[in-house]
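What follows is a structure written as structure tokens; I'll ask about it next.
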Amino acid sequence: MNLAAPIYTGPTPGSPEQVNAIIAELRRLYPQAKCSLDFSNPVELLIATQLSAQCTDERVNIVTAKLFKKYPSVNDFAEASQEELEQDIRSTGFYRNKAKNIRATSQRLISVYGGKVPRTMEDLLTLPGVARKTANVVLGNAFGIVVGFVVDTHVGRLSRRFGWTTNTDPVKIEQELMLIVPKQDWLDLSHLLIFHGRAICDARKPLCEQCTIAHLCPSAFAATPVRNTSTKIH
DNA sequence: CTCCCGATAT
DNA sequence: ATATCAGGAG
């Protein structure tokens with residue numbers, strides 16, 4: 001046991017001092033942070049985000065590079081065969097569900113929304129395979145409409161480590177973040193947290209020693225870092 | 001809660 | 001072998 005182990009003496013977790021200091025340093029570290037999915041229109045972003053469930057953006061971008069050439073419009077996805085689309089997206093995982101959702105979503109975009117991606121949370125949530133995370137990504141990055149906070153696995157994990165929440169439910173975490181973080185920072189901070197989560201604040205082995213916001217992070221001083229709460233039992 | 005599910009790092 | 005990856009539905 002390290003008797004000299006320092007304890008967290010930084011600003012109160014969730015306080016404006018801590019939140020703003022974290023945002024400022026993350027902006028310095030990742031000035032180019034943004035959505036890292038490749039897309040050229042709202043339909044492509046919607047489909048890319050549906051594919052990104054439990055899959056890296058890097059993998060999604062490899063798949064969509066071919067996919068969006070083979071299926072150039074929403075009509076092509078709506079008319080695609082289930083089996084063929086499954087194989088086209090296979091490497092992203094969950095490919096049966098994703099193919100079904102992409103086809104049904106595309107058909108609904110055409111039958112209900114004139115072939116366009118709707119611009120409200122309420123309408124987006126009616127699309128199969130679209131929940132708040134995907135809806136917030138599309139609204140923010142395709143339309144510049146921010147009505148919520150993108151909470152993915154990175155955002156949830158870093159929020160717990162910063163002491164912003166003790167929840168694991170993304171919807172509850174989103175509600176807490178919207179109270180703690182100024183609205184003008186919601187979309188930017190989600191990107192910053194994702195970049196930092198990938199580069200430094202890894203799920204398994206966070207590199208606190210080389211983290212320049214460790215002095216703002218209670219978890220960096222914990223005996224064992226805050227981990228994801230695995231629901232899997234083996 | 002369970003299921004969907006391939007790719008990758010450790 | 002196991003955990004995790006820009007989740008969502010039943």
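Every chain is numbered from 1 and lettered A, B, ... according to where its sequence line falls, protein lines coming before strand lines.
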To the nearest Å, how far apart are A:I47 CD1 and C:dG7 P?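 Whole-Å distance recorded here is 18 Å.
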OP1 or OP2 of B:dC5 less than 4.0 angstrom from a side-chain nitrogen or oxygen of A:R90, does that happen here?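 Result: no.
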Under 4.0 Å from OP1 or OP2 of B:dT8: is there any side-chain N or O of A:R59 that close?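 It does, given that an N or O in the side chain of A:R59 lies less than 4.0 Å from OP1 or OP2 of B:dT8.
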Using a heavy-atom cut-off of 4.0 Å across all strands, would you classify A:K100 as base, sugar-phosphate, or nothing?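 No contact.
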So, is A:T49 close to the C:dA6 phosphate, meaning a side-chain N or O under 4.0 Å from OP1 or OP2?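 No, A:T49 has no side-chain N/O under 4.0 Å of OP1/OP2 on C:dA6.
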It should be established whether A:R157 places a side-chain nitrogen or oxygen under 4.0 Å from OP1 or OP2 of nucleotide C:dA6.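 For C:dA6, neither OP1 nor OP2 has a side-chain N or O of A:R157 closer than 4.0 Å.
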Starting the side chain at C-beta, find the nucleotide from B:dC5, C:dT4, C:dG7 nearest to A:A203.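 Among B:dC5, C:dT4, C:dG7, the one nearest the side chain of A:A203 is C:dT4.
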C:dG7, C:dC5, B:dC5: which one has an atom nearest the side-chain heavy atoms of A:K133?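 For the A:K133 side chain, the nearest candidate turns out to be C:dG7.
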From the options C:dA6, B:dC4, C:dG8, select the nucleotide whose nearest atom is closest to the side chain of A:F94.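 Side chain of A:F94 sits closest to B:dC4.
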Partner of A:Q50 under side-chain hydrogen bond (donor to acceptor under 3.5 Å, both in side chains), chosen from A:N101, A:T134, A:T105: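 Only match with A:Q50 under side-chain hydrogen bond (donor to acceptor under 3.5 Å, both in side chains): A:T105.
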State whether A:T153 places a side-chain N or O below 4.0 Å from either non-bridging phosphate oxygen (OP1 or OP2) of C:dC5.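 Yes, such a contact exists.
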Which nucleotide in the list C:dG7, B:dC5, B:dA7 gets nearest to the side chain of A:S91?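 Between C:dG7, B:dC5, B:dA7, the one nearest the side chain of A:S91 would be B:dA7.
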